[in-house]
Amino acid sequence: MKVLLVYPKYPDTYWSFRHAMPFIGKKAAFPPLGLLTVAAMLPQSWEMRLIDLNVEPLSDADIFRADYVFVSAMTVQRESARQVLSRCRDMRVKTVAGGPLFSTCHDEFPEANHLLLGEAEETLPRFLADLDKEAPQRLYRPEGRPDLSSTPIPKWSLIDMRHYASMNIQYSRGCPFDCEFCDITQLFGHRPRTKNPEQVIAELEALYAAGWRGGVFFVDDNFIGDKGKLKKEVLPAILSWMKVRGYPFFFYTEASINLADDPQLIEMMVAAGFQEVFIGIESPEEDSLKETGKLQNYNRDLVASVHYLQRAGLQVQGGFIVGFDSDSPAIFEKQFRFIQESGIVTAMVGVLMVLRGTKLYNRLCREGRIISTCSGNNTDTALTYIPKMGPEVLIEGYQRLMRTIYSPEHFYARLMTFLKQYRLLGPSPFSMLQRRDIRAFFRSVLFLGILGKERLHYWKIFLWTLVRKPRLLPLTITLTIYGFHFRTVAEEICGSHGRDR
Ligand code: SF4
């Protein structure tokens, strides 16, 4: 059997980091972890090839050569996924589709021959058994949530790691919280399911053996869903492994804000090599947090929590949302003040997304407020629901907010706030420098320090870091490059791309 695994293209979102890639000579931020894991579950006697459309194009010959084309996609990859499926259908090559996009919207894809909903550990074996009997069904629905102890190590040999800025690993699925807009709990449930420490170490070892050094992203939606297991088993195992291997990686992940309530957990994460954490802050507006069920953020000093994490050695990336029913037009100014004060350099601000299958989607359907399908891109200004504050007010306020927070003046002011708060613990970042970092430095000097409209801000922060916190210089350069990516995305959102650069 010849199988082609295809990862569709994603648009220019915050998470694509597309505009930062040329600085480090990479093509994409992360490899397609789901497809690589699926590949490891397929019969290993099959001939397999993987094409990531974010890295290389897909030719008709590639499709023709395959007996089956497997496509895995998130919601944000909808358009590209549809194109791949249509091409395969037109060429009469059978397709198997899975992943979050198809799990929530399978009825929108008549082009697909076989749809595997839910988690592959559950549905893929049934599909393979039916295929063996030459009687595969069209639709496989999950009958439960699988235990992750049997999840194999991703088949890393299918990609060229040199194309990617970071590798990734998944330790857990599911989240104990219940935010109204979130589809994670619909897809993976409330009870966090985790891999065991031996699996995590085996995955790190596989990346190490494949020659990877540098960043590794734990893609879990909430890494601290099961704090007890992390503290007792997983973090001590990671720390021991990192010591033995000489700290070849640094880690980043996503977590809920209650991480700030647990100094021991933070200390263990930092010691194990975690440097960055993405947190869904969502809103400084208490009524909006309550409305959306973000109770872990409610009634707390969010700025103080962020500063605490920064001082403890974790850089905080933040997710922010505008467009809740409780948001008044004053929300844009409140978000701006919060973001600046917190020193969250990479603030991913989006319009409320109404994803199918979420409690929010069901409520807005009942209220007759859904107008179209959500693209999965939170910077998309084509509204899919009727907001209480009025569509024009929302979009105009959102664009204004984006223009402001990523203007050089405010971006660099925020970066300075962060650098003053942040305490870098662990090995010197200079010891981990690679050729790509040197290249990124020279490119940042050229494109931001000489040609960029932010050049005065760039040199000011560069010199400040050099004199006051020289250990942070590599991070400062990285963040100025991220700033360029986010500003370019912001300009695209505001329709002013390239106008004043
Ligand atoms: S904390 Fe994050 S992952 Fe968990 S339900 Fe809320 S938005 Fe989803």
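In listed order, ligands and their atoms are each counted from 1. Since we're looking at a predicted model, the values are computed, not measured.
Ligand 1 lies within reach of Q296, whose nearest heavy atom is under 4.0 Å from it.
Taking 4.0 Å as the cut-off between side-chain N and carboxylate O, E79 and K9 do not count as a salt-bridged pair.
The distance cut-off of 2.8 Å around atom 8 (Fe) of ligand 1 captures these protein N, O or S atoms, sorted by chain and number: C182 SG.
Distance NE2/H114 to OG1/T95: 7.0 Å, rounded to 0.5 Å. The CG atom of L230 lies 8.5 Å from the CE atom of M268; values are rounded to the nearest 0.5 Å.
Y171 has its ring centre no less than 6.0 Å from the ring centre of F218. For Y252 and F278, the gap between ring centers reaches or exceeds 6.0 Å.
Closest protein heavy atom to atom 7 (S) of ligand 1: K294 NZ, 3.5 Å.
Classification of the F274-F223 ring pair by plane angle, with boundaries at 30° and 60°, yields tilted.
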### Message
Quick one, F324 with L289, criterion side chain to side chain contact (heavy atoms under 4.5 Å, CB included). Give me CA distance, side-chain angles, the key distance, then yes/no.
### Response
CA-CA 9 Å; F324 292 116; L289 293 173; 6.0 Å; no
